Engineer: 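One structure, pasted below without further comment.
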Amino acid sequence: LSLLTVPLIYRLGRILGGSETGFLAALLLTISRFSIWWAQEIRMYALAALLATGSLWAAVWLWRNPGATSNTTTTAKWVPWMLYVACTAGSLYTLYLTATVPIVTNLGYLALWLRRRRAGHSTAGVRAWATAQVAAAALFLPWALYALPRMHSWSSDTPFTLSFFVQLYSTILVVGDPLNLETHALLTVGTFLGLGLGIIALIWRFWRGTSHRYSGLVMLIAGLLLPPIVVAVISLPGLRFHFSRPLVPRYLLPLSACYSTLLAWGIVELKRRVPDRPVGCRITAIGTATMAVVAAITGLSSFYPGRVRRD
């Protein structure tokens, strides 16, 4: 299942930032210890990540072709719509925490709709997007009505600090090792600094735009920030939720594609040749890409030893 996520994240990266972004995003996912770790577990998290990535790609695909034209075939009009509905509903059936998926996609669409409306551009596609949300919710509703009232209540009594959680989340994405956080601090901080500069470059380029790339950028940033907030909130014992769970990294896997895609897109944008852009941007891009790959390989170097049976 995780293997199928690789071509999906390539398509997501390509539709947003071109083939180079797609290839780099696929590479980062392929060598991610976090993804490989849960790809080898017979659990629902790999499937949730696959469906979440498919939902993100389908959403951007749908935004790129918002209105029907005379040159658009019926199949081309409906394929992204059906893919989005199927992946979104499927992710909800797989893992309840993927409720963040329709939230981040709708944040992206809302940003795009507001920008197009203020610019006086066509807001075609509202009906298609709205019906996709209704269809996905309708598919999940029977299970929600049956299962949610029957959920067992439990709570976590494991306290944690905000600084520890931020360090855990960032290290898991960059290196994939949840145990030796201090050891990987330099690689994690360096990679996230590069990620931040890449995001700034993307915002600078697309902030005034009205294309699907603008909404995709909003969606990816939301997908990077919202899941850790949700996981942290439901893991706080002090709030006394009946469904609070212990803080574990696997809950952060479904939307981890946002990190790989955003990092790859930011690197490609920093490397792009633009007049008046300092040469330091290209050096930063190369340095960030190198550090991200080294960090991932560092995580894998301590992952595989001892996992091969020799009897």
Side-chain angles (χ1 to χ4, degrees), residues 2 5-6 8-17 21-22 24-26 28-29 32 34-35 38 45-64 80 83-84 87-92 94-112 129 132-133 136 165-166 168-170 172-174 176 191-192 195-196 198-200 202-203 206-207 212-234 249-267 269 292:
S2 292
T5 311
V6 176
L8 284 183
I9 198 173
Y10 166 76
R11 298 302 292 265
L12 175 61
R14 190 179 75 170
I15 201 173
L16 289 172
T21 299
L24 185 54
L28 292 173
L29 181 69
S32 168
F34 192 27
S35 298
W38 287 103
Y45 300 103
L47 177 58
L50 170 67
L51 294 171
T53 306
S55 183
L56 299 180
W57 169 45
V60 181
W61 188 4
L62 196 56
W63 300 336
R64 190 182 64 174
L83 181 62
Y84 176 82
C87 288
T88 302
S91 66
L92 291 171
T94 304
L95 183 66
Y96 295 141
L97 283 173
T98 55
T100 53
V101 173
I103 294 176
V104 301
T105 55
N106 276 279
L107 286 174
Y109 182 77
L110 178 62
L112 180 63
W129 182 253
Q133 309 313 307
F165 178 73
V166 171
L168 174 66
Y169 178 54
S170 56
I172 275 291
L173 291 178
V174 176
T191 302
F192 260 82
L195 173 63
I199 292 174
I200 292 173
L202 289 169
I203 292 175
F206 295 112
W207 190 247
H212 64 279
R213 291 184 174 87
Y214 166 73
S215 54
L217 177 60
V218 174
M219 178 188 71
L220 292 180
I221 294 175
L224 185 68
L225 299 177
L226 183 61
I229 294 174
V230 172
V231 171
V233 168
I234 68 171
R250 61 178 180 267
Y251 300 143
L252 301 167
L253 180 67
L255 279 175
S256 58
C258 292
Y259 160 76
S260 300
T261 307
L262 199 53
L263 178 60
W265 195 8
I267 290 171
E269 178 60 26

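In what follows, every heavy atom counts, from backbone to side chain, and hydrogens, waters and symmetry copies are set aside. Treat the numbers as computed from the prediction; the structure is a model and nothing was measured.
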Engineer: Among residues at least two apart in sequence or on other chains, which ones pass ring pair (Phe, Tyr, Trp, His ring centres under 6.0 Å) with Phe206?
Structural biologist: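 By the ring pair (Phe, Tyr, Trp, His ring centres under 6.0 Å) rule, Phe206 matches Trp265.
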Engineer: Using the side-chain contact (heavy atoms from CB on, under 4.5 Å) definition, which of the options Leu195, Thr21, Leu16 pairs with Leu262?
Structural biologist: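 Filter result, single survivor: Leu195.
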Engineer: Minimum heavy-atom separation for Pro254 and Ala52, please, with both atom names.
Structural biologist: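 Closest pair (atom of Pro254, atom of Ala52, distance): O-CB, 3.4 Å.
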Engineer: Check Ala232 against Phe165 and note the closest heavy-atom contact, atom names and distance.
Structural biologist: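 Nearest pair, atom of Ala232 first, then Phe165: CB-CE2, 3.8 Å.
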Engineer: Between the side chain of Thr261 and the main-chain N/O of Ala257, is any donor-acceptor distance below 3.5 Å?
Structural biologist: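 Side chain of Thr261 to backbone of Ala257: a pair is present.
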Engineer: Rounded to the nearest 0.5 Å, how far does CG of Leu51 lie from OG1 of Thr88?
Structural biologist: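 Output value for this atom pair is 9.0 Å.
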Engineer: Within a strict 4.5 Å, meaning less than it, do heavy atoms of the Leu62 and Tyr109 side chains meet?
Structural biologist: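 Side chain of Leu62 against side chain of Tyr109, heavy atoms only: no contact under 4.5 Å found.
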Engineer: Could you report the tightest heavy-atom contact between Cys258 and Gly223, atom names first, then the distance?
Structural biologist: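 Residues Cys258 and Gly223, closest heavy atoms: SG-CA, 3.6 Å.
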Engineer: Are the side chain of His212 and the backbone of Ile15 linked by a donor-acceptor contact shorter than 3.5 Å?
Structural biologist: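 A pair under 3.5 Å: yes.
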Engineer: Check the orientation of Tyr259 and Phe192. Use parallel for under 30°, tilted for 30 to 60°, and perpendicular for over 60°.
Structural biologist: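 Parallel.
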Engineer: Is any side-chain heavy atom of Trp57 closer than 4.5 Å to one of Thr53?
Structural biologist: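 The answer is no; the side chains never approach within 4.5 Å.
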Engineer: Would you list the atom pairs, donor with acceptor, under 3.5 Å between side chains in residues 96-105 and any protein atom, with sequence neighbours excluded?
Structural biologist:
from   : atom 1 : to     : atom 2 : distance (Å)
Tyr96  : OH     : Trp143 : NE1    : 2.9
Thr98  : OG1    : Ser91  : O      : 2.6
Thr98  : OG1    : Leu92  : N      : 3.4
Thr98  : OG1    : Leu95  : O      : 2.5
Thr100 : OG1    : Leu97  : O      : 3.1
Thr105 : OG1    : Tyr84  : OH     : 2.9
Thr105 : OG1    : Val101 : O      : 3.1
Thr105 : OG1    : Pro102 : O      : 3.1

Engineer: For a 4.5 angstrom cut-off between non-hydrogen side-chain atoms, does Leu29 reach Tyr10?
Structural biologist: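 Side-chain contact under 4.5 Å: no.
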Engineer: Return the minimal non-hydrogen interatomic distance between Gly108 and Ser215, and the atom names on each side.
Structural biologist: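 The pair with the smallest heavy-atom distance is O-CB, 3.2 Å.
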Engineer: Would you give the length of the straight line joining atom OH of Tyr45 to atom OG1 of Thr94, rounded to the nearest 0.5 angstrom?
Structural biologist: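 If I round to the nearest 0.5 Å, the distance is 11.5 Å.
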Engineer: Going from SG on Cys87 to CG on Leu8, what distance comes out if it is rounded to the nearest 0.5 angstrom?
Structural biologist: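 It is 7.0 Å, given to the nearest 0.5 Å.
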Engineer: Leu224 versus Leu255: any side-chain heavy-atom pair under 4.5 Å?
Structural biologist: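 Leu224 does not reach Leu255 side chain to side chain.
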Engineer: Give a yes or no on whether the backbone of Leu253 and the side-chain of Ser256 come within a donor-acceptor separation of less than 3.5 Å.
Structural biologist: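 Yes, because the side chain of Ser256 sits within donor-acceptor range (under 3.5 Å) of the backbone of Leu253.
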Engineer: With distance as the sole criterion, is a donor-acceptor pair present between the side chains of Ser2 and Ser35 under 3.5 Å?
Structural biologist: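 Result is no, nothing qualifies.
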Engineer: If you compare all heavy atoms of Ala89 against all heavy atoms of Ala136, which two are closest, and at what distance to 0.1 Å?
Structural biologist: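 For Ala89 and Ala136, the tightest heavy-atom pair comes out as CB-O, 3.9 Å.
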Engineer: Find the distance between CG (Leu225) and OH (Tyr169) and round it off to the nearest 0.5 Å.
Structural biologist: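 So the gap between those two atoms works out to 7.0 Å.
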Engineer: Could you walk me through whether Asn106 and Gln133 satisfy the side-chain contact (heavy atoms from CB on, under 4.5 Å) test, starting with their C-alpha distance in whole Å, then the side-chain angles of each, then the deciding distance to 0.1 Å, before giving a yes or no?
Structural biologist: CA-CA 9 Å; Asn106 276 279; Gln133 309 313 307; 2.9 Å; yes
Engineer: Between CG of Leu24 and CG of Leu263, what distance do you get to the nearest 0.5 Å?
Structural biologist: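 Reported to 0.5 Å precision, the distance equals 6.5 Å.
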Engineer: Would you compute the distance between atom CG of Leu112 and atom CG of Leu217 and round it to the nearest 0.5 angstrom?
Structural biologist: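 Rounded to the nearest 0.5 Å, the CG-CG separation comes to 12.0 Å.
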Engineer: So which heavy atom on Trp63 is nearest to which on Gly216, and how close?
Structural biologist: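 Closest pair (atom of Trp63, atom of Gly216, distance): CZ3-N, 3.9 Å.
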